[in-house]
Amino acid sequence: MSGKAMNSMSRERDTILRKVSKMGAQKIQQLLAAVGSEPAEETAQVEAAEYDWHKSHYFNNEQLVKLNNFMEAVAAAMTQQFSKFCRSEFNVTVASITQHYVSDFLSRLPESERKDYYITFVAGGGRMCGLIGIPEQTALNWARQLLGDSESETDTGRDLSQLEESLLLDLVSALVEVFSGIDKSFDFHSEKSIVKGQWPLGAEGTEELCRISFNVKKAGSEKSSETYFLILCSELETVTGKTGQNSGVFSEKDISKAILGHLRKMPVLITGQ
């Protein structure tokens, strides 16, 4: 900084000090009180939900409501299919809808589900998009009902016969096609093979999926059985109203713009003092 500039700043400082000295202590106290020299007590309480970065948040609450409404319609259509194939009255209801990362889901997979029967399904063009999981005892119960066995006793600890597998595949195929019947944007078709105790969905660990559980109950029965769909979240965007991004290579400018766009939507608490 030049000597001339320093002399100018010194003169301005001296001028300010002379003006302050002439104001008097009472006037200074009044000015300080007017601008709030003492810190105000923080009385407002801010409620914030803890954000779990390990949990998938692919769909927000509003989109989950739309997804649940769609699945309620799916459950109603599945009720008709069960009644048709088993020649008896059934009731299917949505039990739960949860979101998961594939890697986290597999790491937390209960030992009981590792013995389930899996039937994968694909969309148009053969794109793998999900699976239906059937617990071991549920598969045996359904097979018995498909065969017309009305006895309440069930057998356990055995594999399905070829006939039972064939009948179960027919039922599952009809359940999967229910999606396409409700929304034409879906084109799901089940594979013609059953896998037991082996994860068949070739999805990467960072991909996100929805687990939709259904309770299936025969009319007049107190017991219900469970089945569940695991569907890649990206396949459900049309029924939730979520706008998907095109997959591909993004430039650094596009990535920076996307990050800033998300940051601008984040609420920030500011306290003025």
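Taken together through direct or relayed side-chain contacts under 4.5 Å among Ile, Leu, Val, Met, Phe, Trp and Tyr, L230 and V195 form parts of separate hydrophobic clusters. Under a hydrophobic-cluster definition in which Ile, Leu, Val, Met, Phe, Trp and Tyr are linked whenever side-chain heavy atoms come within less than 4.5 Å, directly or via other members, V65 and I231 are assigned to different clusters.
To the nearest 0.5 Å, atom CD1 of residue I194 and atom CG of residue D116 are 12.0 Å apart. Considering NZ of K66 and CG of N68, their distance stands at 13.5 Å, rounded to 0.5 Å.
Taking the six-membered ring where the residue is Trp, the centroids of F70 and F186 are separated by under 6.0 Å.
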Mind running side chain to side chain contact (heavy atoms under 4.5 Å, CB included) on M71 and F179 for me, showing each step along the way?
CA-CA 9 Å; M71 290 305 166; F179 286 81; 3.7 Å; yes
Would you sort out whether F85 and L167 count as a side chain to side chain contact (heavy atoms under 4.5 Å, CB included), showing the intermediate values?
CA-CA 9 Å; F85 277 82; L167 293 173; over 6 Å; no
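Closest non-hydrogen pair, K196 versus D159, comes out as NZ-OD1, 2.9 Å. Closest non-hydrogen pair, K192 versus S173, comes out as NZ-OG, 3.8 Å.
Counted by atom type alone, Q137 and N141 present one or more donor-acceptor pairs between their side chains at under 3.5 Å.
Note on ring orientation: taking the six-membered ring where Trp is involved, the planes of F82 and W142 are perpendicular (angle over 60°, cut-offs 30° and 60°).
Counted within 6.0 Å of CD on E89, heavy atoms from surrounding residues, nucleotides or ligands total 12 or fewer; the atom is thus considered open.
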